[in-house]
Amino acid sequence: MDERKLIAVAVREDGTVSPHAGRALLWAVYDVWPGQPPVQAYAIQLNEQTCLHVWHTRVYPERHPLHAVDVAIAGSGGEGVQRRLAERQTLLLTTAEQDVDKAVADYCAGTLAAGLPHDERECLGDGHAHAH
């Protein structure tokens with residue numbers, strides 16, 4: 001990595017990488033400088049109304065707290081969430097890695113393990129349609 005980046009990782013209650021970006025309520029944010037080890041700088045705490053799953057389906061979504069980061073990492077993420085974050089220059093990546101610190105280190109090293117495809121069935125029945 002040749003430039004400073006803010007990298008957010010979706011974290012679930014047990015401290016591992018959250019399997020679903022849209023449902024993650026806690027994001028650990030790392031401040032990463034070239035040639036330096038990643039340092040966790042702060043956390044973004046969301047609620048059910050501000051999670052990505054709800055936010056990305058709005059017709060005119062306002063800026064989201066994750067727009068402050070360059071890269072967001074989770075186990076999976078739908079195309080709509082990825083597209084809406086990318087509109088504000090936040091790249092959403094998915095990974096099979098479960099360790100939060102290792103996911104950041106692997107991203108920095110260019111070795112982040114790819115995530116599983118997003119399962120839209122997880123989102124059905126929750127009262128909204130995805131914007132695709």
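Since the model is a prediction, treat every value here as computed from it, not as a measurement. Just the heavy atoms: all of them, side chains too, but no hydrogens, waters or symmetry mates, feed the values below. Numbers for residues simply follow the sequence, beginning at 1.
- Between the side chain of Ser18 and the main chain of Arg12, no donor-acceptor pair closer than 3.5 Å is present.
- In this structure, Val17 and Gly75 approach most closely via the heavy-atom pair CG1-N, 3.8 Å.
- Across all their heavy atoms, Val29 and Ala8 have their closest contact at CG2-CB, 4.0 Å.
- Between Leu92 and Gly77, the shortest heavy-atom distance links the atoms CD2-CA, 4.0 Å.
- For the side-chain hydrogen bond (donor to acceptor under 3.5 Å, both in side chains) condition, the pairs that include at least one residue of residues 36-50, sequence neighbours left out, are Asn47-Thr50.
- Leu52 contributes atom CG, which lies 11.5 Å from atom CZ of Arg84 (distance to the nearest 0.5 angstrom).
- Note that CD1 of Ile44 and CG of Leu25 are 12.5 Å apart. Values are rounded to the nearest 0.5 Å.
- With sequence neighbours left out, Cys108 forms a side chain to side chain contact (heavy atoms under 4.5 Å, CB included) with Met1, Ile7, Val32, Pro38, Val104.
- Nearest heavy atom pair, residue Ala68 against residue Leu6, reads O-CD1, 3.5 Å.
- Residue Val100 is grouped with residue Leu91 when hydrophobic side chains (ILVMFWY) are merged at heavy-atom distances under 4.5 angstrom, including chains of intermediate members.
- The OG1 atom of Thr111 lies 4.0 Å from the CG atom of Asp106; values are rounded to the nearest 0.5 Å.
- Between Val71 and Tyr30, the closest side-chain pair of non-hydrogen atoms is not below 4.5 Å.
- Rounding to the nearest 0.5 Å places CG of Asp31 at 4.0 Å from CZ of Arg4.
- Put simply, the side chain of His53 reaches to within 4.5 Å of the side chain of His20, judged on heavy atoms.
- When all heavy atoms of Trp27 and Ala10 are compared, the pair lying nearest together is CE3-N, 3.3 Å.
- A distance of 10.0 Å separates OG1 of Thr90 from NE2 of His64, quoted to the nearest 0.5 Å.
- Thr94 pairs by the side chain to side chain contact (heavy atoms under 4.5 Å, CB included) definition with Gln82, not counting sequence neighbours.
- Atoms CD1 and OG1, from Ile73 and Thr95 in turn, are 7.0 Å apart once rounded to the nearest 0.5 Å.
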